Structure formats: structure tokens, C-alpha cells
Asks: 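Take a look at the following structure, please.
Only a predicted model underlies this, so the values are computations on that prediction, with no experimental measurement involved.
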Amino acid sequence: MTLDVQLVGSTTQMAVVTLRPGQTAYCEAGKFLFSSGDVVMETKLSAPSDPHGKDSGGGGFGGLLRGAANAGKRMLAGESFAFQHFHTPGGDGLLGLAGVLPGEMRHLELDGSTTWFAEKDAFVAAEAGVHFDIAFSGLGQGAMGGEGFILEKFTGRGSLLIAGAGDFIDINPADYGGTIRVDTGCIVAWDDRITYGVETVGRLNRQGIMSAVFGGEGLTLATLRGNGRVILQSVTIEAFAKALVKNSTKPDQQGLGAIGGLFGGSRD
């Protein structure tokens with residue numbers, strides 16, 4: 001049964017879910033906003049669809065160990081150690097969820113035949129039929145591209161909610177010659193019809209070094225090829241973090257930068 005989801009807002013969106021009796025949704029820690037009083041919330045080590053992580057009821061000690069192992073893998077990948085599960089025993093319940101950065105959200109429907117991949121921290125919530133896992137794009141690509149080494153992987157059937165930073169755009173590389181080149185930090189998610197890779201920006205000559213050092217893109221870009229769906233975001237987490245650090249510095253700590261503050265508006 002598909003979740004009844006309403007995305008509210010523009011570039012700082014939240015998802016308002018109407019839970020029906022018999023439906024179960026789960027989210028990562030930190031993604032829950034609010035719920036009505038008739039929604040039951042439980043914290044577990046595994047997602048509802050995890051066949052090996054039944055940490056309550058019927059899983060036994062072996063299931064508990066497997067659930068802990070999967071939770072440990074998520075924690076090492078920088079993801080939430082546990083999940084929050086939601087269901088309503090009576091009538092319809094209300095549930096509010098959101099990502100951790102100002103940005104858009106997407107409501108994706110998995111049909112059981114398509115796998116989705118997403119960058120770390122993109123996952124917000126899903127219904128019980130969607131299986132969450134950690135995937136790896138390869139050590140070489142991770143070392144070269146920075147982003148993309150550790151990925152979130154989603155299979156199964158049901159509703160999936162993901163979030164990112166800034167505005168989203170959906171692109172099919174097949175509409176643009178089959179390949180698009182992207183700053184690795186701009187990628188939110190893609191389906192399994194897309195091949196993900198990393199390529200060097202230009203040659204290792206004077207112009208290539210100039211582009212890498214002063215062009216703002218580093219030495220590599222991600223390449224996305226195929227005939228499928230790619231979701232990109234307008235703000236990279238790295239750029240967002242740098243902007244916060246830069247603008248959180250007090251004028252008297254900036255030296256000559258304080259002069260720029262005279263012309264750049266208030267720095268209260």
C-alpha cells in the first residue's frame with residue numbers, strides 16, 4: 001500500500017505522511033519532526049523489511065546479532081545506528097519528516113524491479129516494503145571522487161523519501177547524448193539503469209592544473225551514463241559547510257576581511 005505523502009514547502013521541504021492502519025514507515029534518527037497522538041513510535045536496529053535483522057519478536061539471538069552487525073555497518077558508513085518505526089493501531093495517523101539541510105525532497109515509488117542508489121544522508125524515510133542497505137562504488141572511485149564511495153541502496157516495493165540541499169532537477173542522460181558530467185557533490189540519487197563513474201578533469205598539464213585548483217571542481221568529476229533517472233541538487237554540502245564557516249567568523253577575527261564586511265552588509 002503506497003504511503004499518502006504530501007511534500008510541503010519550496011526549498012525547505014517537509015513530508016507530511018498520512019499513515020493508514022496496517023502501514024509501517026521507518027526513518028533514520030534525526031529525520032522525525034512530529035506525529036499525531038495515535039502514531040506508535042519504536043526504535044529498532046533494523047528496518048522492517050530486513051530479513052536478517054529482526055531485533056524483536058521471532059528473530060532470536062541470531063537475528064539480534066545480524067541486526068547489530070547491519071547497524072554497525074551503517075554506523076561505520078556514517079549513517080544512523082538505529083531506525084525509528086511508525087504505525088497506527090487505530091485510525092489514520094499523521095507523521096512529519098524532513099532532511100537535515102535546507103532543500104527539496106522527492107517521493108519515489110519502488111516497484112520491486114528497480115534499485116535506487118543515493119549519496120550518504122539522502123535517506124529520510126520509507127515504508128516497510130523498501131529495504132535499506134549500504135553499497136560501495138569502489139575504492140578507486142571513492143578515493144578519486146571524494147563523494148560516492150559509500151552509497152545508500154534501496155530495493156523492494158513501496159514509498160521512499162529522500163532529501164538534499166537546495167533545489168532539485170531530474171535529468172535523463174539519454175536526452176543529452178547518453179552522458180552527463182557532474183560535480184560529485186551535486187548528485188542526490190539515481191536508478192540502476194545509470195552507470196556511475198569518475199573521470200579526471202582535463203589533462204595533467206598547466207591548463208588542467210589551473211582548472212583543478214582555481215576552477216573549484218578539483219581533479220575529478222562524476223560521470224553518469226545510461227537511460228534512466230538522475231536527481232541532482234543545486235547546493236553541495238561542502239560548499240554549504242564552507243559558507244557557514246566563512247560567515248560565522250566574527251569581523252574582528254577576519255583581519256582585512258573585516259573591510260569587506262563594510263561593503264557586504266550587516267554581520268550581526
Side-chain angles (χ1 to χ4, degrees), residues 1-36 39 41 47-50 79-80 83-88 92-135 151-173 175 182 186-194 196 224 227-235 237:
M1 189 188 306
T2 301
L3 290 179
D4 183 351
V5 178
Q6 180 184 7
L7 297 182
V8 181
S10 54
T11 56
T12 307
Q13 289 189 319
M14 71 172 73
V16 179
V17 180
T18 301
L19 276 179
R20 313 295 185 191
Q23 288 184 323
T24 298
Y26 68 100
C27 75
E28 280 199 313
K31 307 297 176 70
F32 167 78
L33 296 179
F34 61 85
S35 69
S36 56
V39 172
M41 179 171 64
S49 58
D50 188 346
E79 303 290 346
S80 173
F83 293 109
Q84 292 176 307
H85 294 220
F86 305 92
H87 71 276
T88 174
D92 294 349
L94 196 65
L95 177 64
L97 304 156
V100 296
L101 294 171
E104 282 199 55
M105 298 182 68
R106 278 288 187 275
H107 176 198
L108 305 175
E109 282 297 324
L110 276 64
D111 60 5
S113 63
T114 303
T115 298
W116 274 87
F117 296 93
E119 294 290 352
K120 289 196 306 178
D121 297 323
F123 174 66
V124 175
E127 64 177 308
V130 176
H131 177 60
F132 175 99
D133 200 2
I134 300 296
L151 304 172
E152 298 174 336
K153 180 181 178 181
F154 305 97
T155 55
R157 186 185 298 272
S159 299
L160 169 65
L161 294 171
I162 59 174
D167 294 308
F168 282 3
I169 183 173
D170 292 63
I171 292 181
N172 184 348
D175 295 334
V182 186
C186 288
I187 303 173
V188 179
W190 65 94
D191 66 38
D192 58 4
R193 296 172 296 175
I194 298 296
Y196 174 93
L224 298 164
N227 183 10
R229 185 177 175 187
V230 176
I231 301 174
L232 305 178
Q233 62 189 7
S234 62
V235 177
I237 296 178

Asks: What residues, two or more places apart in sequence or in another chain, satisfy salt bridge (charged side-chain N to carboxylate O under 4.0 Å, His left out) together with Asp192?
Replies: none
Asks: Quick check for you: to the nearest 0.5 Å, what is the distance between Leu110 atom CG and Asp191 atom CG?
Replies: 9.5 Å
Asks: Under the side-chain contact (heavy atoms from CB on, under 4.5 Å) test, which residues partner Ala125, sequence neighbours left out?
Replies: Cys27, Leu97, Leu161
Asks: Using side-chain heavy atoms (C-beta onward) and a distance below 4.5 Å, is Val235 in contact with Cys186?
Replies: no
Asks: Not counting sequence neighbours, which residues clear side-chain hydrogen bond (donor to acceptor under 3.5 Å, both in side chains) with Ser10? List them please.
Replies: none
Asks: Determine the minimum heavy-atom distance between Ala15 and Leu7, stating which atoms define it.
Replies: CB-CD2, 3.8 Å
Asks: Which heavy atom of Ala128 sits nearest a heavy atom of Pro48, and at what distance?
Replies: CB-CB, 3.7 Å
Asks: Mind checking side-chain contact (heavy atoms from CB on, under 4.5 Å) for Val16 and listing every partner two or more places apart, or none if nothing turns up?
Replies: Val8, Met14, Phe34, Leu94
Asks: Thr12: what forms a side-chain contact (heavy atoms from CB on, under 4.5 Å) with it, not counting sequence neighbours?
Replies: Pro102
Asks: If you take all heavy atoms of Gly93 and Ser36, which pair is closest and at what distance?
Replies: CA-OG, 3.5 Å
Asks: Quiz question: by atom type and distance under 3.5 Å, do the side chains of Thr24 and Glu127 form a donor-acceptor pair?
Replies: no
Asks: When you measure from the side chain of Gln84 to the backbone N and O of Ala25, does any donor-acceptor pair fall under 3.5 Å?
Replies: no
Asks: Donor-acceptor pair, Gln233 side chain versus Ala165 backbone, under 3.5 Å?
Replies: yes
Asks: Measure the CG-CD1 distance between Leu108 and Ile162 for me, rounded to the nearest 0.5 Å.
Replies: 4.5 Å
Asks: Compare all side-chain heavy atoms of Trp190 with those of Val188 and state whether any distance is below 4.5 angstrom.
Replies: no
Asks: With sequence neighbours left out, write down each residue that passes side-chain contact (heavy atoms from CB on, under 4.5 Å) with Ile169, or none if nothing qualifies.
Replies: Ile171, Leu232
Asks: Any chance you could measure Tyr196, atom OH, to Ile187, atom CD1, to the nearest 0.5 Å?
Replies: 4.5 Å
Asks: For residues Phe132 and Glu28, report the shortest heavy-atom separation together with the two atoms involved.
Replies: CZ-OE2, 4.3 Å
Asks: How close do Met105 and Ala98 get, heavy atom to heavy atom, and via which atoms?
Replies: SD-CA, 4.1 Å
Asks: Could you tell me the separation between the CD atom of Glu109 and the CH2 atom of Trp116, rounded to the nearest 0.5 Å?
Replies: 12.0 Å
Asks: Under the rule for ring-ring contact (aromatic ring centres under 6.0 Å, His included), what residues qualify as partners of Phe32, not counting sequence neighbours?
Replies: Phe86
Asks: To the nearest 0.5 Å, how far apart are CD in Gln23 and CG in Asp4?
Replies: 8.0 Å
Asks: Which atom pair, heavy atoms only, marks the closest approach of Lys31 to Asp121?
Replies: NZ-O, 3.6 Å
Asks: Sequence neighbours excluded, which residues qualify as side-chain hydrogen bond (donor to acceptor under 3.5 Å, both in side chains) partners of Asn227?
Replies: Asn172
Asks: Mind checking what makes salt bridge (charged side-chain N to carboxylate O under 4.0 Å, His left out) contact with Asp170, not counting sequence neighbours?
Replies: Arg106, Arg229
Asks: Show me the pairs that pass salt bridge (Lys or Arg N to Asp or Glu O under 4.0 Å) and involve residues 156-165, at least two apart or across chains.
Replies: none
Asks: May I ask you to decide if Leu19's main-chain N or O and Thr88's side chain share a donor-acceptor pair within less than 3.5 Å?
Replies: no
Asks: Among all residues two or more places apart in sequence or in another chain, which pass the side-chain hydrogen bond (donor to acceptor under 3.5 Å, both in side chains) test with Thr115?
Replies: none
Asks: How many angstroms lie between CE in Met41 and NE2 in His85, if you round to the nearest 0.5 Å?
Replies: 12.0 Å
Asks: Quick one: ring pair (Phe, Tyr, Trp, His ring centres under 6.0 Å) pairs with a partner in residues 4-29, sequence neighbours left out?
Replies: Tyr26-Phe83, Tyr26-Phe123
